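The basis for the numbers below is simple: all heavy atoms, side chains too, and nothing from hydrogens, waters or symmetry mates. Just so we're clear, the structure is a prediction, and the values are computed from it rather than from any experiment.
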Amino acid sequence: MNNQNYQYPMDADWSKTELVTVITFYQAVEQAYEQGCLVAKFLTAYQAFKAVVPGKADEKRLDREFKQVSGYSIYRAVQAAKKATKKQFRME
């Protein structure tokens, strides 16, 4: 992974465990764009992320903020993982 200097979008109300869960998912999104990611690993990280961020509005807000700082779309990565037919997928 390339070390870009940006801050992940966070919520002040999250616990340390929830922060780790969300960061792990953000890193999976980065990996999907940068070198490819295992579909199962990505979807597992997404399910954990959804346990922390169950609301669609919050997910969309975080996606917008994440895309602004990283250039990567959470939504597009999730859609690609769900449609993937191989064990691994990579974002274009």
Side-chain angles (χ1 to χ4, degrees):
M1 262 180 226
N2 50 6
N3 285 336
Q4 294 143 321
N5 291 326
Y6 56 82
Q7 286 193 311
Y8 292 128
M10 296 294 167
D11 191 316
D13 299 335
W14 292 339
S15 69
K16 276 196 170 116
T17 306
E18 289 171 329
L19 284 171
V20 169
T21 298
V22 172
I23 289 169
T24 299
F25 176 63
Y26 289 155
Q27 289 171 337
V29 173
E30 289 171 340
Q31 188 180 355
Y33 276 91
E34 292 166 12
Q35 70 234 23
C37 186
L38 291 171
V39 173
K41 176 186 169 195
F42 184 89
L43 291 176
T44 299
Y46 179 63
Q47 285 173 334
F49 170 78
K50 288 302 291 171
V52 177
V53 186
K56 272 282 176 217
D58 286 334
E59 182 179 353
K60 284 181 180 177
R61 176 181 55 80
L62 291 171
D63 184 13
R64 262 194 320 274
E65 291 173 14
F66 185 69
K67 189 170 185 178
Q68 217 168 20
V69 295
S70 70
Y72 301 145
S73 168
I74 291 172
Y75 175 78
R76 286 193 55 236
V78 170
Q79 294 305 307
K82 287 179 176 177
K83 291 177 187 162
T85 53
K86 297 180 181 149
K87 284 184 180 178
Q88 195 161 350
F89 78 107
R90 182 180 175 142
M91 297 301 296
E92 299 291 313

Roughly how far, to the nearest 0.5 Å, is [atom2] of [Y] from [atom1] of [X]?
| X | Y | atom1 | atom2 | value |
| --- | --- | --- | --- | --- |
| Gln31 | Thr24 | CD | OG1 | 11.5 Å |
| Lys67 | Arg76 | NZ | CZ | 6.5 Å |
| Ile23 | Glu18 | CD1 | CD | 12.0 Å |
| Met91 | Ser73 | CE | OG | 6.5 Å |
| Asp11 | Glu65 | CG | CD | 9.5 Å |
| Phe42 | Gln27 | CZ | CD | 12.5 Å |

List the residues meeting side-chain contact (heavy atoms from CB on, under 4.5 Å) with Gln88, not counting sequence neighbours, and say none if there are none. Leu38
Mind checking side-chain contact (heavy atoms from CB on, under 4.5 Å) for Glu59 and listing every partner two or more places apart, or none if nothing turns up? Tyr46, Phe49, Lys50, Val53, Lys56
Residue pair Pro54 / Ala51: nearest heavy atoms and the distance that separates them: CD-O, 4.1 Å
Correct closest heavy-atom pair for Ala81 and Val39 would be O-CG1, 3.5 Å
Answer yes or no: is there a side-chain heavy-atom contact under 4.5 Å between Val69 and Gln7? no
When you compare the side chain of Tyr26 with that of Leu62, does any pair of heavy atoms fall below 4.5 Å? yes
Please tell me whether Tyr75 and Leu43 are part of a single hydrophobic cluster in this structure, the criterion being side-chain heavy atoms less than 4.5 Å apart. no
ILVMFWY network linking Val52 to Val20, side-chain heavy atoms under 4.5 angstrom: no
Any luck finding a side-chain donor-acceptor pair between Tyr6 and Gln68 under 3.5 Å? no
Check for a donor-acceptor pair, side chain of Arg90 on one end and backbone N or O of Cys37 on the other, with a separation under 3.5 Å. no
Could you go through the side chain to side chain contact (heavy atoms under 4.5 Å, CB included) check for Val22 and Tyr8 one step at a time? CA-CA 9 Å; Val22 172; Tyr8 292 128; over 6 Å; no
Intermediate values then yes/no, side chain to side chain contact (heavy atoms under 4.5 Å, CB included), Lys83 and Phe89: CA-CA 9 Å; Lys83 291 177 187 162; Phe89 78 107; over 6 Å; no
Residue pair Lys60, Asp63: steps toward the salt bridge (charged side-chain N to carboxylate O under 4.0 Å, His left out) verdict: CA-CA 5 Å; Lys60 284 181 180 177; Asp63 184 13; over 6 Å; no
Between Trp14 and Thr21, does the side chain to side chain contact (heavy atoms under 4.5 Å, CB included) criterion hold? Intermediate values first, please. CA-CA 10 Å; Trp14 292 339; Thr21 298; over 6 Å; no
